[in-house]
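Beneath this line is the structure, given in structure tokens, with notes to follow.
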Amino acid sequence: MSAAFGWMDAAPVRAVMAALNAKGEARFVGGCVRDSLIGRPPAPLAKGGEAGTTDIDVATTLRPEETIAALKAAGLAAHPTGVEHGTITAVADGLPVEVTTLRADIATDGRHAEVAFTTDWAQDWRRRDFTINAIYSDADGTLFDPAAGQADLDAGRVRFIGDPDTRIQEDYLRILRFFRFTSRYAAAPDEAGLAACARQAEGMARLSKERIWQEVSRLFATPNAPAMLAAAEEAGVLRQVIGASARIGLFARLHDHLYPDIPEALAVAALWPDAGPGMLREAFKPPTALIGRIEALREARAHLTRERGAPLLRALYRFGREAVCDAMLLEAAEGREAQDWLSLLSEAERLRVPVLPIGGRDLIAAGLAPGPALGEAISRFEAEWLAQGCPADEERISALLERVVRERR
Ligand code: ATP
Ligand code: MG
């Protein structure tokens, strides 16, 4: 067995598997097996090989309550994190392991499944989405690969298990998962899968915005995101999600520059420059902070392009470092004068962000009466202070303060 499977021998992992195998049968499945096969062990236990991003998933013949009992009998913690679909989180020595009862989806409506627990491995693998996601391993590393996922993984193919149209109709989120997994594990989209995604795209209307956002945002940070987003746009999948067309070229240049760390806000701003906050909320219900960051970067961008050559400190003062840097990255990705923007960016990353050094209290202490004149005086001070390049030294600040107070008295 390759070094990437070494995590299976870690004491906490052994403890969980031994507890489950004492009462039933348990196998690793999903990302932890798939990624170990390509040399990327689960993140918390990456010793041999490059650290992966996946967690540890285990499938078991035990029912959820039996899983809890088996874990507790072995002195391990068991948290019912998703008990309605059979998932218990086991924690051994601080390491979480997701343990899910074998199941069959007996009724589906395109977004939820009514599940039946089973002890039949054949039912469990058939309800999984892609062949590469249905590779199991027992505690000793013996593989059980009923859908021939390993051959697909080696060949760089992401294929649905069973008929793609049928599998998508059970859960339309699989369309977005198809693009995400293809980006990570395949050279090009599987034709049958892609055609089914295009045919079924309309069904995505029934998905919750939160699930859509979760998948789409994970897609941004995958290695072939530009090509996959282009394929998803062409298949009509993205247009089903959001009412604006995607600018793949801009996103691609941003991705080239930033991968693997692409802030979600930047990705969205690059892909859908014409989508306002209302449309973004309607499409994704994203976290409020994301909309805020996009709005801030747009304002900073308008300012920076309108006032080329204006002092950078002023922009940093008004918009903050994050928005200014985001705006510059996007301008650089536009490709016009990219080098100029990148050197401005390194300056913006380095410079101190100015903070207005006085407040109303300072003006009152200097002799100004409280009231509306105070606000005006602060604005006056701010304008002068900005004009002077945001000085931070005491002397210049007090001189400026005195002057403003004198004018107002
Ligand atoms: P990663 O965690 O690296 O994204 P993963 O394969 O572990 O990859 P999870 O979302 O953690 O992905 O799901 C674990 C497993 O559950 C998958 O490998 C797959 O077998 C199954 N699965 C998850 N979501 C679906 C779905 N919507 N339809 C069918 N099977 C699914
Ligand atoms: Mg996983």
Side-chain angles (χ1 to χ4, degrees), residues 4 7 27-46 50-60 81-82 85-90 95-115 121-137 144-147 149-150 152-153 158-186 193 196-197 200 203-204 206-208 210-212 214-223 225 260:
W7 57 271
R27 290 168 177 168
F28 301 106
V29 68
C32 60
V33 181
R34 179 195 67 220
D35 287 2
S36 296
L37 285 167
I38 54 169
R40 282 188 293 192
L45 294 167
E50 182 194 341
T53 52
T54 196
D55 46 4
I56 301 175
D57 292 308
V58 168
T60 182
T81 42
H85 43 91
T87 303
I88 307 294
T89 302
L95 178 82
V97 176
E98 304 292 326
V99 183
T100 305
T101 303
L102 301 192
R103 44 179 254 217
D105 295 342
I106 48 172
T108 52
D109 63 1
R111 59 190 287 186
H112 301 114
E114 194 183 314
V115 310
W121 293 92
Q123 291 199 314
D124 189 74
W125 73 259
R126 287 203 171 87
R127 62 102 184 155
R128 294 181 183 271
D129 44 11
F130 308 112
T131 64
I132 60 168
N133 285 350
I135 312 174
Y136 301 75
S137 163
F144 169 57
D145 182 15
Q150 210 181 339
D152 282 344
L153 190 63
V158 172
R159 289 197 298 159
F160 283 97
I161 293 173
D163 173 57
D165 289 271
T166 311
R167 300 310 312 283
I168 291 170
Q169 284 166 342
E170 292 166 2
D171 178 2
Y172 288 92
L173 196 71
R174 290 174 188 156
I175 292 179
L176 292 170
R177 288 176 65 88
F178 174 79
F179 290 100
R180 174 159 71 86
F181 283 98
T182 298
S183 181
R184 227 172 236 299
Y185 302 98
C197 289
Q200 302 296 335
M204 293 170 72
R206 68 193 74 196
L207 293 174
S208 76
E210 288 85 353
R211 280 182 93 205
I212 290 181
Q214 231 178 14
E215 275 302 323
V216 170
S217 58
R218 290 178 80 183
L219 179 54
F220 297 149
T222 57

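Counting convention: from 1, in listed order, for ligands and their atoms alike.
When the heavy atoms of E215, R111, R174, R184 are ranked by distance to atom 26 (C) of ligand 1, first place goes to R174. If you check each of D129, T222, L173 against atom 29 (C) of ligand 1, the one with the closest non-hydrogen atom is D129. The residue among R177, R167, R40 with a heavy atom at the shortest distance from atom 13 (O) of ligand 1 is R177.
Residue-ligand proximity: R218 is placed with a non-hydrogen atom under 4.0 Å from ligand 1.
Counting heavy atoms under 4.0 Å from ligand 1, residue N133 touches it through both backbone and side chain. At a heavy-atom distance under 4.0 Å, only side-chain atoms of R180, from C-beta outward, approach ligand 1.
Because the distance cut-off is set at 2.8 Å, E98 fails to qualify as a neighbour of the Mg ion (ligand 2), as none of its N, O or S atoms comes that close.
For the pair L176/Q214, no side-chain contact is recorded, criterion being any heavy-atom separation below 4.5 Å from C-beta on.
Atoms of ligand 1 found under 4.0 Å from any heavy atom of R127, numbered from 1 in the order shown, are 29 (C), 30 (N). Every atom of ligand 1 is numbered from 1 in the order shown, and the set under 4.0 Å from a heavy atom of D57 is 7 (O), 11 (O), 14 (C). Each of the atoms 1 (P), 3 (O), 5 (P), 6 (O), 8 (O) of ligand 1 lies under 4.0 Å from some heavy atom of R34. Which parts of ligand 1 touch G30 is read off a 4.0 Å heavy-atom cut-off, strictly below it: atoms 18 (O).
Once rounded to the nearest 0.5 Å, the distance linking CG of L37 with OH of Y185 reads 10.5 Å. Rounded to the nearest 0.5 angstrom, E170 CD and D109 CG are separated by 11.0 Å.
Using a 4.0 Å cut-off between charged side-chain N and carboxylate O, D124 and R27 make no salt bridge.
Polar contact check, A134 against ligand 1: no nitrogen or oxygen pair lies under 3.5 Å apart. The shortest N or O to N or O distance between D35 and ligand 1 is not below 3.5 Å.
Of the angles at the Mg ion (ligand 2), the one spanning OD2 of D57 and OD1 of D55 is 90° when given to 10°.
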task = Step by step, work out the ring-ring contact (aromatic ring centres under 6.0 Å, His included) result for W125 and F144.
result = CA-CA 10 Å; W125 73 259; F144 169 57; 7.8 Å; no

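Closest non-hydrogen pair, V99 versus A90, comes out as CG2-CB, 4.1 Å.
With D171 as the partner, the salt bridge (charged side-chain N to carboxylate O under 4.0 Å, His left out) test is satisfied by one option alone out of R206, R211, R127: R211.
Between F160 and F130, the ring planes are tilted. Angles from 30° to 60° get that label.
No side-chain donor-acceptor contact under 3.5 Å links S183 to the backbone of F179.
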